[in-house]
Each structure stands twice: as structure tokens, then as C-alpha cells.
Amino acid sequence: MKRWALLLITFAIPFSSPMACGGDGCLRNSDCPSDMTCRAAVCELETPATANGGEGGEDSTPGTAGSGASAGSGGTGGSGGTNEAGTAGTAGSAGTAGSGGTAGSAGASGSAGTSGTASDAGAGGASEGGAGGAGGAGGAGGAGGAGGANDTSFAGAL
Amino acid sequence: MLAEGATVKLWLAVVCSVLGAVAMTHEAKAEELLMDGNFGVGTGLEAGDPGTGLQWRRARFRVLGGVDLRSDEGPADALGFRAFVEVEKRASIGAEVRYERWMARNFGVWADLTGTVAPETLFGGGFGCTAIIPFGKKFGLFIEPSFQALPLGSDTPGDGVLIWALLSAGVRFGL
């Protein structure tokens, strides 16, 4: 019985050691998962540089696309004719897809501008032309749609 | 006539000598191989420099088994084979071969070559001793402290040396 107790104590000592087997750090490569390696007591990916670089490139592309889309805002309506309402501005054309942007989608076409309100006849007030169609939004890298140019017409001369 | 008598005496002496020599020889006995089995567990301390200075920690818990082979003509010398599995974290498989010198019936010292083969490789050598607490003629408990240095393989910390200071124990039985 005494022998068994001694044996138990002998084996209990290393198990109660504060030095954990591995813990968060590593000492051997086999302490880490199979796709990682032990460097400076820390598990790291075996091929860290190339993967991160690729992700960085993708991040930069959508930024460019956003700027392209903003260019697609519709042109402001032409100044209204005196009597006739200005015709609505043509919708901005959809932005073309940006080059190289993998995630970017083509911008949606701008909505048509609302027609300008007719001014009072003879009043000579210049009615304001319809607002130009909004440019396509979100085209990845795409050049923004050109703003719709309003036809401005002049209704009755002053 | 006289010459013939001398010749007969000579032949008689030769025959008697041969017969005497044959009669004195013992029956030749074939060399017999003695085999002991071992099964146990072990752990201890493990050290290495992964690039941040020497670090010690508790060694992975391992389960081991093997055999010791000796000749009955020289039972003090033995050749031992062990296989072990480290069962903490990622399991690894290893083996060792050792030369044992038994200083007494229940105490021996040894030197070995050891290493792991999967999932990473590790090779080195070391020394240790074995003490046996007998329980009967063919059964006993063994306690085995050892020290190993492993400088080779893909599992070394920062291409340095991995050190094991282990204590193993288990059962030993005659086969």
C-alpha cells in the first residue's frame, strides 16, 4: 500500500506543475495546428505575407468604385423656360464597371429627373428645370454616369 | 615384433584420449533469448529555446510500451525497444532503441536513440536508469528516470535542441 501511495505522489507532482503543457504559447512545431508553425513561442501561419497582401488589394478597389459612382450624379436641371416647363433631364447613364475591381458591380442607372414645373405663362419667371437623374450608384470602379443634360426650352418670350 | 607392440600402444593411447575427451564434454546448450515486456506512462519536463530564451514546461503525457531482449548467456546486457505516443495537444508517435546494462537483478542503466516520426520528426539520444519493484518472479513495477537531448528534426524549437527530463513508470512482465 505504501508503495502505491509513493507511486501516486511521484506522478502527481508533474501534473500539478504550474508550467502548463503548451498553454497559449508553443515550444515545438507540433504544438501548433497543422497549417501553422511555432515562431518565437507563438503559433503563426506558415505563409502569412502573400495572403494578407491579396486582401489589401481588394480593399482598395471598392474605394475607387465609390468615387466613380459619385461622378454619376445627375446634372442639375437646366434653367427653366419662361413658359414651358423644362423637360426632365435625361437620366445619367450607368457607370461603367471599373477596371480591375473584382467586387464592384455596375452602377445602377440614375433615375430620371423630375420635370420642371411650368412657370406661369407670361410671367416670365424662369422655371427651374427638372433635376438631373442621379448617377448610377455603387459601380465598382466604374466611371460615374454622366449627368443628364436637361433640355432647356423657352416658352414664350418675355 | 617390438615395433608392432609400440604402435598398438600408441593407437590405444589415442583412442583412450579421444574417448576421455568426449566423455568429459557436457551436452551443448542452445542460446536462449529472454524477453521482458513493458507497459507504462510517463511525463516530466521539457525545455527548448523557441527564439525567446530557454523555456521549461511540463512534458507531454505519454503512453509507452516495448520489450527488452537478453541472452541467457549474458543476461546483464540487453537490447530494448520502446514505442510511445504523446497524447497531449496534437498526438505524436515515437520510438526508441536502447542498450541496457543491468547492474543488479532489479536495477539497470541504459543509453538510447529516440525520436518521433509523426506529425513532425524529432531525433536525438539520451540515458537513464530503470529500477524494478518485484511482485513475484515474473512481474514487477518499473520506475525509469531519463534525460534526452533531441537536436534533429522538424519539431525542434527554433532549430535548437529540445530537452526531455522524463519520469516513466509502469508494469514489467516476463514473456
Side-chain angles (χ1 to χ4, degrees), chain A residues 1-65 100-104, chain B residues 40-62 86-94 116-122 131-135 140-145 150 153-171:
Chain A
M1 192 64 195
K2 205 172 179 179
R3 283 175 178 168
W4 288 107
L6 280 172
L7 207 63
L8 189 66
I9 291 169
T10 304
F11 273 91
I13 289 169
F15 280 112
S16 62
S17 167
M19 286 179 288
C21 178
D24 292 334
C26 61
L27 190 61
R28 296 159 59 179
N29 288 330
S30 59
D31 290 334
C32 304
S34 56
D35 59 339
M36 302 179 94
T37 186
C38 183
R39 286 197 190 96
V42 176
C43 290
E44 294 178 354
L45 282 171
E46 288 182 1
T47 55
T50 54
N52 289 343
E55 289 172 4
E58 289 174 5
D59 287 343
S60 64
T61 307
T64 309
T102 54
Chain B
V41 294
T43 184
L45 297 175
E46 186 176 54
D49 182 2
T52 56
L54 189 68
Q55 290 189 359
W56 286 88
R57 70 177 188 186
R58 184 173 60 77
R60 296 175 187 172
F61 184 75
R62 60 174 61 192
E86 292 177 311
V87 293
E88 281 183 284
K89 288 212 163 185
R90 290 171 70 196
S92 58
I93 300 169
T116 64
V117 291
E120 304 280 349
T121 58
L122 199 58
I132 296 174
I133 305 168
F135 286 91
L141 296 179
F142 73 86
I143 296 178
E144 208 170 70
L150 302 108
S154 63
D155 206 11
T156 53
D159 295 328
V161 180
L162 188 71
I163 296 167
W164 286 340
L166 303 175
L167 184 66
S168 305
V171 294

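We name chains A, B, ... by the order of the sequence lines, and we start the count at 1 in each one.
Remark: V161(B) pairs with A149(B), P151(B), I163(B) by the side-chain contact (heavy atoms from CB on, under 4.5 Å) rule, at least two apart or across chains.
Contact detail for N29(A) and R90(B): the closest heavy-atom pair is O-NH1, 3.9 Å.
When each of T52(B), L162(B), T156(B), D155(B) is scored by its heavy-atom pairs under 4.5 Å with chain A, the top score falls to D155(B).
Contacts of T37(A) with chain B are absent, with no heavy-atom separation under 4.5 Å from either backbone or side chain. For A91(B), no part lies near chain A; criterion is any non-hydrogen pair under 4.5 Å.
The salt bridge (Lys or Arg N to Asp or Glu O under 4.0 Å) with E46(B) is formed by just one residue from the set R62(B), R57(B), R58(B), R60(B); it is R57(B).
For the cysteine pair C38(A) and C26(A), the distance separating the two SG atoms is below 2.5 Å.
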